[in-house]
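Structure, as structure tokens:
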Amino acid sequence: MGTALIYDDEMTNYKLLWVDSICNIEVPERLTVCYEALMRTGLADRCVSIPVREATDADILLVHSEEYLEAVKKTPYMTLAELMEFTLQYGDVYFHPNIYHCAKLAAGAALQLVDSVMTGAVRTGMALVRPPGHHSMRSAANGFCVFNNVAIAARYARQKYGLERVLIVDWDIHHGQGVQYCFEDDPSVLYFSWHRYEHQKFWPNLRESDYDTVGKEKGAGFNINVPWNRVGMRNSDYLSVFFHILLPVAYEFCPDLVLVCAGFDSAIGDPEGEMCASPDIFAHLTHLLMNLAGGKLCAVLEGGYNLTSLPQSVCQTVQTLLGDPAPPLGSLEGPCRSALESLHCVRSAHKPYWSCLKYAADLPASESSSKHDKLAEETKDKAEKETVKEEKVWPEPQKRVCPPVRAALILPDNVTCPAGCQRFSSTEGLDPATISKLREKFSKDGENNSSLTTLPSLVALVDKMENHEIYSGLALVQDVSMAMTCTVQHAAALFQRKTLLVQFSGNISDKPIGKYHVPVCLKKGCGDVSGFMHAVLSLLLPLGYEYDPNLVLLVRMPGCGIWDSVWQQLTGLLQGLAQGHTLILMQEEEKPCFVPTVSCLLGNAAPSLASLCAPLPEDTEEVEKLRYHLQTDWKLLQTTVSDLHEEGKNAINAPLLPTGAEIHPEDTLLEENAERVMLDPTSRDNLKFKDLLKVLIDWINSELEEERIIVKDLEEDCYDGQVLQKLFEKLSGRKLNVAEVTQSEIGQKQKLQTVLEAVNELLRPHGWTIEWSVDSIHSKNLVAIVYLLVALAMHFQAPIRLPEHVSVKVVVVKKREGILQTALVTKELTSTTEMMMGRFERDAFDTLLDHAPDKLNVVKTSLITFVNKHLNKLNLEVTELETQFADGVYLVLLMGLLEDYFVPLYNFFLTPESFEQKVHNVAFAFELMQDGGLKKPKARPEDVVNLNLKSTLRVLYNLFTNYKNSD
């Protein structure tokens, strides 16, 4: 089977049509330089070309709403002005008359790739597409993305091919929030994303991009976020996350298909990522994923904005998919401190959900986390800013050596050489004296031992691998120990090269542990799959990559007990080292495993392992002790910063119930790995918290006065969904399809489900972290209820003043291995009003103000032209939007002109002097707008009076939208 390449230059036929300082990096050349590089290097010709098709409406509706799809369908018929106006609804994206067609091609290309891989037409493949997809949400374009290509592909694969588990690996430098939102409560899709975060200062600036957003309800644990809180991450940082988070979890998850959101803005030189990872790291990341899911891997292009490192990275990825040996990475350092902090936090956050992370270190009591020492981080960032933003220079990736012989085999005469391999028995080029010395050195008591006959061939095979004439080799020998010793000594003496010797034996080594000798003794030997893979992923691979050998010698001793499927996985993984120069030594009696091993040497993926269970405690203890002992010398073994002893201690000591708040009997009725969050009793007496509850209750009662609903207690009155339904309907003006009265628990939860789905769909695009669920609200979790009400109050700009900086303590109870564990956590319910309003109201005007003042000026000019067209009738003229509408007079007069009536002067203050008079005028103008059939403005009168530009723009833009064609 081959490797698919999907490309169509039709996807280059759209571009930005106006000035936009954010979107101007998303250009057609992103696609053309990649394809030209693949053609120039001959890689495209080696791939299987798959034609592109458009995604159908049914395909797109697997992820997106019908309303959104219908809106995008209209864009081909829009004028330039209409496209600009349409774009303002969304964040950091642009539309073009041809983008709908291209977006359907991009999604369709991902589906064509899935079909080709799942039907066996190809083994792997890559789709070069535009526009990208991973930021696009159910009802919103975002971040250059129109349709969520990979999310659609995952749903499509599950639906069409009945897949149980899909892994999505997102190595783009931006968080793919659209993918996360799509699958956050779905345990059938494991979503992994690393992304530049910088403590929420980097786009998309979402709280839920941090490490502790792990998924919701049944999907808890299936969303893995690795936040990069510094720029400049290198190859070793990326590999550490793969070794200690992604690969262990992925092998435990056991996917049926791997989808890669292949964004290369995480490569060196990219203006968005500002990272320092070389393009050839993507060869290794790809290789490490290729043994999962039986090798079924689909890579779909996302970001990448440096037109040099982007095509280099794409070529490295495609060449690995084709099966070529991975390039040398050179000397690897350990992960930087910031990367270790993120690594530590992610492992800790996910330890309740994955057995492979069971003994990960807890977060320190000092709350050292990805938010560690922000002040120090900001100081360092400021000092390093000039250096970081210097133009990066990096060498052209080395041409990857592809030896003419993929696998050479030294075999007994009675063993048939499999197809695709070359039987090797040559000693050509060996000095006769060398052959004589070998026989003399390894003969026993002068006997002419038949085991000696293969040694010259082994030495010759090593020489040819060293000269890149042969990729890999395997020898079936009579005496494995002799062959191993001969090979190691020859490689060391002749070439002064490094050899990684990986030996599997049923015997216990009596040689002490050292930097270059690492004996791993598992309780059940090599027969326990979970313990063995834990040792391979968290110990062997980091050691191997940091050691950077020239030859990998893999030795299978008789009776070692290793499972054939595990052996094949190991063979595949280790071929990422030493440019694929792997030599396998096996006893002649191991013939049953011979053919599957050769298959892996030929580049075929190992069969999938079943979902892995927890390793034996004794095995975990052994591996963690070794890792702790060795990490001083081998930095890629590190997983924490402040306390390197912690994980070793956790592995040795049985988990104990920590002291904490009193646990009530009903709170012990938890399933394994489940958790419950309760308000700490002391927080109920917090005066600011009490004040917050009173403000929220008074607000609800005011809003629902016409419904004759009176709320006295948030826990008792909101848990069944009735009050929340009425409140949401009143605020949004939207009628929900739910039963009016529900008495049963099932009915109440069904109502809550409908209400919360509507709420979440409304709030999520505005940056709100969903801190509530059906179960938490129905179980009368006061913290969850308050989070929800605060979000609604902020979003709908309730005319109330919430107490600032309200925090409470909550008790988090988890059950692990039948034992309850508790932790006391501080939750911030409100920050400052300014921060909350700015955070939860973000819309196109926020984007304009923050990032595109040039476009903002265009919008302001259009609005000034619009209002003056009408105000000029009264010999009035506006030159400054912020100040001239602040007293409300022009707003009132403008409404009269737009609706063609005279506004009596006694209804407003023509020359307002006080703040209250100005607020009265603006509020009166809002009433006139509602009388004219417009929705109540989201802005508050007070904000307009206080010269808040965004609020004024929102009000005027609403008028412009409704009256732009009026005379």
Exercise. Glu715 pairs by side chain to side chain contact (heavy atoms under 4.5 Å, CB included) with which of Leu693, Val786, Leu782?
Worked result: Leu782
Exercise. Is there a donor-acceptor pair under 3.5 Å between the side chain of Asp237 and the backbone N or O of Cys336?
Worked result: yes
Exercise. Do side-chain atoms of His244 reach the backbone of Leu636 as a donor and acceptor pair under 3.5 angstrom?
Worked result: yes
Problem set entry | Nearest heavy atoms of Ala267 and Ser313, plus distance in Å | CB-OG, 3.7 Å
For this session: Could you verify whether a donor N or O on one side chain and an acceptor N or O on the other, from Asn223 and Gln180, lie under 3.5 Å apart?
Result: yes
Exercise. Within a reach of under 6.0 Å around NZ of Lys809, are more than 12 heavy atoms found that belong to other residues, nucleotides or ligands?
Worked result: no
Exercise. Which is it for Phe264 and Asn306 under the side chain to side chain contact (heavy atoms under 4.5 Å, CB included) test, yes or no, and what are the steps along the way?
Worked result: CA-CA 9 Å; Phe264 297 104; Asn306 181 295; over 6 Å; no
Problem set entry | Residues Gln177 and Asn142: side-chain donor-acceptor under 3.5 angstrom | yes
Problem set entry | 4.5 Å side-chain heavy-atom contact, Leu357 and Val249 | yes
Exercise. Taking the six-membered ring for Trp, are the ring centroids of His284 and Phe242 within less than 6.0 Å of each other?
Worked result: no
Problem set entry | Evaluation steps, side chain to side chain donor-acceptor pair (under 3.5 Å), between Ser139 and Ser65 | CA-CA 6 Å; Ser139 298; Ser65 69; 2.8 Å; yes
For this session: Verify the distance criterion only: is there a donor paired with an acceptor across the side chains of Asp270 and Ser309 at less than 3.5 Å?
Result: no
Exercise. Between His174 and Phe202, does a side chain to side chain contact (heavy atoms under 4.5 Å, CB included) hold up when you go through it step by step?
Worked result: CA-CA 9 Å; His174 300 92; Phe202 187 71; 3.5 Å; yes
Problem set entry | Side-chain donor or acceptor of Asp170 paired with backbone N/O of Asp172 under 3.5 Å | yes
Problem set entry | Audit row: Ser538, Arg627, side chain to side chain donor-acceptor pair (under 3.5 Å) steps and yes/no | CA-CA 8 Å; Ser538 62; Arg627 197 177 55 75; 5.8 Å; no
Exercise. When rounded to the nearest 0.5 angstrom, what distance separates CD in Glu184 from NZ in Lys216?
Worked result: 4.5 Å
Exercise. Do you know which two heavy atoms are closest between Leu752 and His778, and how far apart they sit?
Worked result: CD1-CB, 3.8 Å
For this session: Could you pull out the closest heavy-atom pair between Gly303 and Leu310, with the gap in Å?
Result: O-CD1, 4.2 Å
For this session: Under the side chain to side chain contact (heavy atoms under 4.5 Å, CB included) rule, what do Lys351 and Arg347 come out as? Steps first, then yes or no, please.
Result: CA-CA 6 Å; Lys351 63 188 292 186; Arg347 284 168 58 87; over 6 Å; no
For this session: Please examine the side chains of Ile770 and Leu756, heavy atoms only from C-beta on, and report whether any two atoms are closer than 4.5 Å.
Result: no
For this session: May I ask you to test the Ile168-Phe183 pair for a side-chain heavy-atom distance under 4.5 Å?
Result: yes
For this session: Compute the ring centroids of Trp194 and Tyr238, then answer whether they are less than 6.0 Å apart.
Result: yes
Problem set entry | Working for side chain to side chain contact (heavy atoms under 4.5 Å, CB included), residues Ile777 and Cys718 | CA-CA 8 Å; Ile777 299 292; Cys718 293; 5.5 Å; no
For this session: Locate the shortest heavy-atom distance separating Phe243 from Leu288; write the atom from each residue and the value.
Result: CE2-CD1, 4.0 Å
Exercise. If we only count heavy atoms from C-beta on, is the Glu198 to Val231 side-chain gap below 4.5 Å?
Worked result: yes
Exercise. Taking side chain as C-beta onward, heavy atoms only, is Arg155 less than 4.5 Å from Ile152?
Worked result: no
Seminar exercise, completed: Heavy atoms of Lys688 and His805 approach each other most closely as NZ-O, 3.3 Å
Exercise. How far apart are the C-alpha atoms of Asp680 and Lys827, what are their side-chain angles, what is the distance that settles it, and do they pass the salt bridge (Lys or Arg N to Asp or Glu O under 4.0 Å) test?
Worked result: CA-CA 11 Å; Asp680 183 66; Lys827 293 279 190 179; over 6 Å; no
Exercise. Is it the case that Trp772 and Asn781 place a side-chain donor and acceptor less than 3.5 Å from each other?
Worked result: no
Exercise. Is the distance between the ring centroids of His64 and Phe147 under 6.0 Å?
Worked result: yes
For this session: Kindly compute the distance separating NE2 (His134) from CG (Asn148), expressed to the nearest 0.5 Å.
Result: 8.5 Å
Exercise. Taking atom CZ of Arg165 and atom CG of Leu257, what is their separation to the nearest 0.5 Å?
Worked result: 12.0 Å
For this session: Please determine which of Phe144, Trp203, Tyr90 meets the ring-ring contact (aromatic ring centres under 6.0 Å, His included) test together with His135.
Result: Trp203
Exercise. Do side-chain atoms of Tyr353 reach the backbone of Val214 as a donor and acceptor pair under 3.5 angstrom?
Worked result: no
For this session: Dump the intermediate steps for salt bridge (Lys or Arg N to Asp or Glu O under 4.0 Å) on Arg138 and Glu757, then the final yes or no.
Result: CA-CA 12 Å; Arg138 173 175 166 76; Glu757 283 179 357; over 6 Å; no
Exercise. Do Ser342 side-chain atoms and Pro227 backbone N/O form a donor-acceptor pair below 3.5 Å?
Worked result: yes
Exercise. Hey, would you say the Tyr211 and His350 ring centroids sit under 6.0 Å apart?
Worked result: no
For this session: Could you check if a side-chain atom of Cys145 sits within less than 4.5 angstrom of a side-chain atom of Pro131, using non-hydrogen atoms only?
Result: no
For this session: Apply salt bridge (Lys or Arg N to Asp or Glu O under 4.0 Å) to the pair Arg196 and Glu274, showing each step before the final yes or no.
Result: CA-CA 9 Å; Arg196 183 175 171 185; Glu274 298 187 50; 3.3 Å; yes
Exercise. Can you tell me how far OG of Ser188 sits from CZ of Phe253, rounded to the nearest 0.5 angstrom?
Worked result: 7.0 Å
Exercise. CD1/Ile281 to CD1/Ile268 distance, rounded to the nearest 0.5 angstrom?
Worked result: 12.0 Å
Problem set entry | Heavy-atom donor-acceptor pair, Thr830 side chain to Val806 backbone, under 3.5 Å | yes
Problem set entry | Under 3.5 Å donor-acceptor, Glu252 side chain and Trp354 backbone | no
Exercise. Taking side chain as C-beta onward, heavy atoms only, is Tyr545 less than 4.5 Å from Asn235?
Worked result: no
Exercise. So how far is it from Glu333 CD to Ser236 OG, rounded to the nearest 0.5 Å?
Worked result: 6.0 Å
Exercise. Do side-chain atoms of Ser779 reach the backbone of Asp775 as a donor and acceptor pair under 3.5 angstrom?
Worked result: yes
Problem set entry | Ser773 backbone acceptor or donor facing Ser776 side chain under 3.5 Å | yes
Exercise. Under a 4.5 Å cut-off applied to non-hydrogen side-chain atoms, are Ile785 and Leu724 in contact?
Worked result: no
Exercise. Do you know which two heavy atoms are closest between His195 and Ser193, and how far apart they sit?
Worked result: ND1-OG, 2.8 Å
Problem set entry | Ring centres under 6.0 angstrom apart (Trp171, Phe282) | yes
Problem set entry | Asn229 side chain to His199 backbone, donor-acceptor under 3.5 Å | yes
